[in-house]
Amino acid sequence: MSATTRRHFRAEKFDFSSFFFTGLTGLATLLILAILAVILGNILINGWQGFTWHFVSTIPKKNFFDINTTGVLPMIVGTTIRVFVMTIFVVPIGVITAIYLTEYAPNNSLITKFIRAAVNNLAGVPSIVFGLFGLGFFINFIGKHMDAMLQNPSAVWGQPALIWAALTLAVMTMPVVIVATEESLKAIPPGLREASLALGATKLETILRVVLPQALPGIMTGGILAVSRAAGEVAPILFTGVAYYMASLPHRVTDQFMDLGYHVFVLSTQSPNIEQTRPILYATVVVLLLLTFALNLVAIIIRARVRKKLRALG
Amino acid sequence: MPKLNPPEAKTNSPGSNTLIQIESLSLHYGESKALKNISLTLGEKVVTAFIGPSGCGKSTLLRCLNRMNDLIDNVRIEGSCKIGGHDIYSPDVDVIELRKRVGMVFQKSNPFPKSIYENVAYGLHLHGSKSKPEIAAVVEQSLRSAALWDEVKDRLHASALGLSGGQQQRLCIARAIAIKPEIILMDEPASALDPLATARIEELILELKKDFTIVIVTHNMQQAARISDQTAFFYIGELIEFDSTAKIFTNPAKKQTEDYVTGRFG
Amino acid sequence: MGIRRGHQARPVEWLAEKFIFLVSLTAIVMVFLIFLFVAREALPLFFGETNTALVQKPIPTADIDKLTPAQLQKYLELTPEQFAAMDKDTLKSLMDVKQEAQDEIPEEFRHDPDANINTTEWRYLLLPHQWNHYEKPEYIWQPVGQIQKYNIIPLLVGTLKTTLIGLLFAVPLSVGAAIYVSQMARPKMREIIKPTIELLSGIPSVVVGFFALLVMATVLQKIFGYQTRLNAFVAGIALGFAVIPVIFSIAEDALTSVPRAYTQAALALGASRWQTAWQIVLPAALPGVFAASVLGFGRAIGETMIVLMVCSASVMSWSIFDSARSITTTIAAEMAEAVSGGPHYRVLFMLGSLLFAATFVSNMIAGAVIQRFKLKLEGKR
């Protein structure tokens, strides 16, 4: 925009193409922002009233389409637990992989290239394929074999369960943690590593005492991003652990669970009367968005702070 | 742990004992040769300055002395470099042990983002299980030796990043001497500092000379003249001349050296 | 002691390094396992070991000893583990069950030619077939009922339809916005707009699907006035929402990474900001923009919940205003009712492998293009 005004100022001749194309690209930007605003605005306006303490703290009856008795407590709990269990697995593995890639990996070796390619590919695998993988590997292979080994009379591990959903999500979000951690490790000035090594620290000591404490905010960002991504995903848990309805909260890792995202899906597609379900649906979406957006926002803020701090250091 | 140099050879006059012995050392970065056939012998408890124009290899040679070049891919080293009679590039040498004996201060001050106290204590935590009061004593002593104690004694647990550039660099020196190395390598330690802070570092070096063998790389020829006992002049990877500082700056043997120290090139 | 100590003297260090290396192989192992286990479940299909023919010639239970174990296992459609765990009596009773099942087939099917074919053969999966009572050969996906029809072409068409609409909508918008944000907008604006657009990727796809289903479908129908409220067009636009942040983010990075020296040289020669962007920056960043679109394609083709919620009927139609069922949708909707190990289950896993292969290839292409792009920029710098 500034370009056109400046041209105008020079009062030679009006540069139509510049004006036109700047306007066009600006319009594209505006349209995207408008889409975002409309989606969020629509959801907030319609969902705000339904978002009450009673709603988030109630375990619903089997007919959760009834607006007076419904609630989303089991879904909040289910989503939170599956995501929490996921972080236990994905954060250590992701962080260690990132440490290997930035601190140890020889730059151009084949294995490094393979790891990077694998991480990139993992990031692009469709979430439904992760669901199939969870079913084929965790449930039908590992779970069934565990049942056989433990000689369970009926399937305990070889069926959809919280733990399998969490593990499936852990595989899916690994690239998120790896990339975020790597970024924060790379931002640490090499001078700090040199200083530590020159004092006779070993590589491991340098990593544990100097590098990791510095990278902590970045690692947290990665974990939070992974959590926020996983919290909203439905496709990978469809066959690996989610339940349409459960009367009680899950209390074992082999239990199935209810889930916010899946509940949104159920409410929007299985409702006997969509007009009556609408308020519940909007309120549920608000809860889900609050959960994922709040996490995203925290990650963005931490990341901005880290970058500022690193710039001051550099 | 025994000292690097055999104790029986110890005498009191500085420079009379050979501590570092570099013999026909060459270094390649991939295809290009950064150091060509360098031979150099440095005595104990003297200050040696490496001078020369940018890219002459002086910093590279310095980093050979504590094997910091190991961290770079594709580096190949030929020849030998002995410290206290041991070839530090022989396969049975533990680099970690070597670096405890050969401290280093970098061009850009690089304190850890920890407290002042923790910075100095870092090396002590690494190398042994000293008790708290013992560590505190060493920290104080190191900070005193680095002429920093009076400025920071009231805020030992404040972040080291709050110090001024000159103070940070002296903190790095304190950190290096806390683990009692025999040799301190300094890679243009004052190049990023203002004249006043530079003067303090130079004073400090003259003070440290009593206890340590110091090798310093510098761009600043006056600095080399002021603080060093011996000076080595490098040009494009080659050692052109090595002699006492007085001789290099007043009566150099080579034309190139003379041109450089009188400011005709570089 | 002294400095003379070999590296073996630090076993902890050595062990830690090996441990870190081994853990870092997890990513490779996982990609491999995904491929292995998704393809494994589909494998019997490739080897023609599934048989969906309704009418099969039953083998009398008395003949059990005439069959080899392998034949018996195949006849009873058991996995090797299941087969190994069963004793002879169980096997016999299974054969009885099979016999009874055959006896119970209604008479009308006995003479239906379709009841005698194995619909999981390749020609029925890929080519049109004139089913009994149909007037002409057709592509039909209908995995329920007595005669299951597994033609995957309608699903491929459905996927392609929604994906292409999504890309046609998302690519111009996101690339336009990327040009604006990286080249035209003031730095301050840029710092606000970029993270805001990236916030779009934080909206879970189930929420986008919900929005498309409840709000967008109605609005778009009013605007365009088409018949079916839920169709490929609505699904495609909603897919576009999910893809926009992906394409925008990568395209913007590519445009920004074009060295400033280029831009400044052009501006100094009197080019307008727009001319610089169009003639200098965009051509230089084109590979990056292309890679962004390829990654967007991978994202769109693998998106599940949006299409699942917006449209689901698997009709074979190229019209964008008809319903469409994509591959992902089919897997998500039908896996729950597919019998584990049965032909339907195998076909769904085969679709999963197909999807995995498609995204694997598009990722590889995008990755290679970005890599070359970076090297080229670095080489020129």
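Every chain is numbered from 1, with letters handed out A, B, ... down the list of sequences.
- Near-neighbour residues of residues 207-216 of chain B relative to chain A, defined by a heavy atom under 4.5 Å from a heavy atom of that chain, are none.
- Atom CD1 in B/Ile51 sits 10.5 Å away from atom NE2 in B/His219 (nearest 0.5 Å).
- Side chains of B/Ser59 and B/Asp187: a donor on one and an acceptor on the other come within 3.5 Å.
- Under 3.5 Å, the side chains of B/Thr218 and B/Asn220 contain no donor-acceptor pair of N or O atoms.
- Of the charged side-chain nitrogens involved, none lies within less than 4.0 Å of a carboxylate oxygen, so that A/Lys186 and A/Glu183 do not count as a salt-bridged pair.
- Both the backbone and the side chain of B/Arg175 come within less than 4.5 Å of a heavy atom in chain A.
- Using a 4.5 Å cut-off between heavy atoms, B/Phe106 contacts chain A through its side chain alone, with no backbone atom that close.
- For the residue pair B/Leu204 and B/Ala147, the shortest heavy atom distance occurs at CD1-N, 4.2 Å.
- Here the shortest heavy-atom pairing between A/Leu260 and A/Met75 reads N-CB, 3.6 Å.
- Contact residues of residues 193-203 of chain A toward chain B are A/Glu194, A/Ala195, A/Ser196, A/Leu197, A/Ala198, A/Leu199, A/Gly200, A/Ala201, A/Thr202 (heavy-atom distance under 4.5 Å).
- Across all their heavy atoms, B/Leu171 and B/Ala160 have their closest contact at CD2-CB, 3.5 Å.
- Heavy-atom minimum distance, B/Gln168 versus B/Ser109: OE1-OG, 3.0 Å.
- B/Gly103 and B/Pro181 get closest at one heavy-atom pair: N-CB, 3.6 Å.
- If you measure heavy-atom distances from B/Ile179 to chain A, the contacts under 4.5 Å come from the side chain alone.
- When all heavy atoms of B/Leu65 and B/Val102 are compared, the pair lying nearest together is O-CG1, 3.9 Å.
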For this session: Verify side-chain contact (heavy atoms from CB on, under 4.5 Å) between A/Phe133 and A/Val171, making sure each step is shown before the conclusion.
Result: CA-CA 10 Å; A/Phe133 169 65; A/Val171 178; 4.2 Å; yes
